Number of protein chains: 2
Amino acid sequence: MRPKNLIKEEAIRSIALQIIADEGLENLSMQKLAKAAGISPRTIYIKYENKEDLLVKLFIEEVLGAYEKAILKNFDPAAPFAEGVQKLWLNGFNYLINNRHAFALLQHGKASPLLNRAFQQKNIKEGDFFGPIHQFLTLNVEAGIIKDFPQEIHRALLFSPILDLVAEYFDYQTRPQQIITPETILACCEAVTQGILIPKK
Amino acid sequence: MRPKNLIKEEAIRSIALQIIADEGLENLSMQKLAKAAGISPRTIYIKYENKEDLLVKLFIEEVLGAYEKAILKNFDPAAPFAEGVQKLWLNGFNYLINNRHAFALLQHGKASPLLNRAFQQKNIKEGDFFGPIHQFLTLNVEAGIIKDFPQEIHRALLFSPILDLVAEYFDYQTRPQQIITPETILACCEAVTQGILIPKK
DNA sequence: TTTGTAAGTAAGCAAACGTTTACTTACTTT
DNA sequence: AAAGTAAGTAAACGTTTGCTTACTTACAAA
């Protein structure tokens, strides 16, 4: 039997991400995608049930999956708090600035009800997506090193600035000087863990 | 001459926001909007040039404008740092949890290239959108109270967690117990300004 | 009361939408 | 070499899209 063309399968995914990043989720159509990938619309339906199925799989597998893998690379949940947070920040920041298309869909994931629902169902079915981070935070709360907030709050406080900083990074790429670099990130990371107030002498 | 029906004008905007919040930006169509508002599609085009014009005006005027107004209510740029940040957090959080539809489009604004572009152009033309916040941060940097980061970085560190906390607030509304309340927000606000590390004795 | 003007509608345009049918191509197994 | 099978395509299905035309309604000025 004829083997499936893995190159085309990869093309569908990467070109879909590209269109979403450049024109927005609302401007992605199956016809446009097929044309850009140089294939027939029908071919997409061999691999994906329908448009929603394609979007959900793109988001969960291609984007969230890869992001999780990248952010947890060489991360040790038992590491000292500041060191662990720094690792996660650098991993996350570096991955996202080098994967603009994945970043774009990640942003859409927070806005689109479809993707939001898919993420929650995935989390319920397979347990915590970013397990080692959960473990890391629990350890540090139990050791009395960080304040005793629920996981979701810790995550919002510690990690949501990263996405905005990445967005600023891309904005500034189109202007005279870059103000957000990987070096900047270390200072931001410290500010988040220790606060941005300058301690009184 | 026939006066324009202000009720219908308001209906277009509020129902558009509702559809976007419930079904996503990618599922809003002019026909669906007209039907839901009980008017002819043509009527929308009396008030808005096209679909993009409608979306941009909704986002800039209806959502960003109202959000700015709400967040700056009773805010004094000359107030002490912790007090000022607390005010902004409470204003922002309370506005967003009471305006789910506006919150949804705000999230889309970070993901959609169209809305993103519109926001940047608006910012360039009319100067800083959240002027008093700019002033507030500048004052505190100059007084040596907070670290000397660029405005954009301060804003990402100080305010981006709010949106994620609001998202969690809405998520938890559909589940057994609410973990994020206006009272929680004060603790989060303190954690962001002073850090979440527990100081060593 | 007539006239001018803007608001609003019903109906429908071409184009694009997501999806499917009928078919061809390429490869494996017999 | 023939049969079998999955991959892939061209063309088009019916629907919906953004948007427009032709018309009616409601009001203010003359």
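Fair warning: this is a prediction, and the values are worked out from it, not measured in the lab. All chains are named by letter (A, B, ...) in the order of the sequence lines, taking the proteins before the strands, and each is independently numbered beginning at 1.
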> Would you please name every residue forming a side-chain contact (heavy atoms from CB on, under 4.5 Å) with K57(B), sequence neighbours left out?
R13(B), Y48(B), D53(B), E61(B)
> Can you measure I44(A) atom CD1 to dC17(C) atom P for me and round it to whole angstrom units?
12 Å
> OP1 or OP2 of dT9(D) sitting under 4.0 Å from any side-chain N/O of K8(A)?
yes
> For L6(B), answer base if it contacts any base atom (sugar-phosphate contacts may also be present), sugar-phosphate if it contacts only those atoms, and nothing otherwise; contact means non-hydrogen atoms under 4.0 Å.
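Nothing, no heavy atom under 4.0 Å.
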> How far apart are the C-alpha atoms of Q31(B) and S29(B), what are their side-chain angles, what is the distance that settles it, and do they pass the side chain to side chain donor-acceptor pair (under 3.5 Å) test?
CA-CA 5 Å; Q31(B) 309 235 96; S29(B) 81; over 6 Å; no
> Between protein and nucleic acid, restricted to nucleotides 10-13 of chain C and to nitrogen or oxygen atoms under 3.5 Å apart, what atom pairs and distances do you find?
unit_1, atom_1, unit_2, atom_2, d
dA10(C), N7, S40(B), OG, 3.4

> If the condition is side-chain contact (heavy atoms from CB on, under 4.5 Å), which residues does S14(B) pass it with, not counting sequence neighbours?
E10(B)
> Write down the atom of I180(B), the atom of F93(B), and the distance for their closest heavy-atom approach.
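I180(B) and F93(B) have their closest heavy atoms at CG2-CZ, 3.8 Å.
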> Among residues at least two apart in sequence or on other chains, which ones pass side-chain hydrogen bond (donor to acceptor under 3.5 Å, both in side chains) with K122(B)?
E126(B)
> For Y48(A) and dG18(C), what is the distance between atoms OH and P respectively, to the nearest whole Å?
16 Å
> Could you state the interatomic distance from CD1 (I12(B)) to CD1 (I39(B)), rounded to the nearest 0.5 Å?
4.0 Å
> Identify, residue by residue, the members of residues 9-20 of chain A with a heavy atom below 4.0 Å from DNA chain D, and return them in order of residue number, or none.
none
> Mind listing the residues from residues 49-61 of chain B sitting with a heavy atom below 4.0 Å of DNA chain D? Number order is fine.
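Residues of residues 49-61 of chain B that come under 4.0 Å of DNA chain D are, in numerical order, N50(B), K51(B).
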> Could you check which of dG18(D), dG8(C), dG18(C) has an atom nearest any side-chain atom of Y45(A)?
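My answer, after comparing the listed nucleotides, is dG18(C).
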> Could you state the NZ-P distance from K35(A) to dA15(C), rounded to the nearest angstrom?
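So the NZ-P distance, K35(A) to dA15(C), works out to 13 Å.
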> Within this structure, what is the CD1-to-P distance between I7(A) and dA7(D), rounded to whole angstrom?
16 Å
> So, OP1 or OP2 of dA7(C): does either fall under 4.0 Å of a side-chain N or O from T43(B)?
no
> Taking only residues two or more places apart in sequence or in another chain, which ones pass side-chain contact (heavy atoms from CB on, under 4.5 Å) with A79(B)?
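D76(B), E83(B).
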> Does the side chain of K47(A) get closer than 4.0 angstrom to OP1 or OP2 of dG8(D) through an N or O atom?
yes
> Which residues pass the side-chain hydrogen bond (donor to acceptor under 3.5 Å, both in side chains) test with K110(B), not counting sequence neighbours?
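side-chain hydrogen bond (donor to acceptor under 3.5 Å, both in side chains) check on K110(B) returns D164(A).
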> Assign L33(A) to base, sugar-phosphate, or nothing according to its heavy-atom contacts below 4.0 angstrom with the strands shown.
nothing
> Could you list the donor-acceptor pairs under 3.5 angstrom formed between side-chain atoms of residues 15-28 of chain B and any protein atom two or more places apart in sequence or on another chain?
unit_1, atom_1, unit_2, atom_2, d
D22(B), OD1, R100(B), NH1, 3.4
D22(B), OD1, R100(B), NH2, 3.2
E23(B), OE1, K32(B), NZ, 2.7
E26(B), OE2, S112(A), OG, 3.2
N27(B), ND2, E23(B), O, 2.7

> Below 3.5 Å, can you tabulate the donor-acceptor pairs from side chains in residues 130-145 of chain A to any protein atom, sequence neighbours excluded?
unit_1, atom_1, unit_2, atom_2, d
H134(A), ND1, D128(A), OD2, 2.8
T138(A), OG1, H134(A), O, 2.8
T138(A), OG1, Q151(A), NE2, 3.1
N140(A), ND2, F136(A), O, 2.9

> M30(B) has an atom CE; how far is it from atom P of dA16(C), in whole Å?
18 Å
> Taking side-chain contact (heavy atoms from CB on, under 4.5 Å) as the test, write out the residues that go with E152(B), two or more places apart.
E168(A), Y172(A), I179(A), P150(B)
> Quickly work out the I46(A) CD1 to dC23(C) C1' distance and round it to whole Å.
13 Å
> Considering residues at least two apart in sequence or located in another chain, which fulfil the ring pair (Phe, Tyr, Trp, His ring centres under 6.0 Å) criterion with Y45(B)?
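Ring pair (Phe, Tyr, Trp, His ring centres under 6.0 Å) list for Y45(B), sorted by chain: empty.
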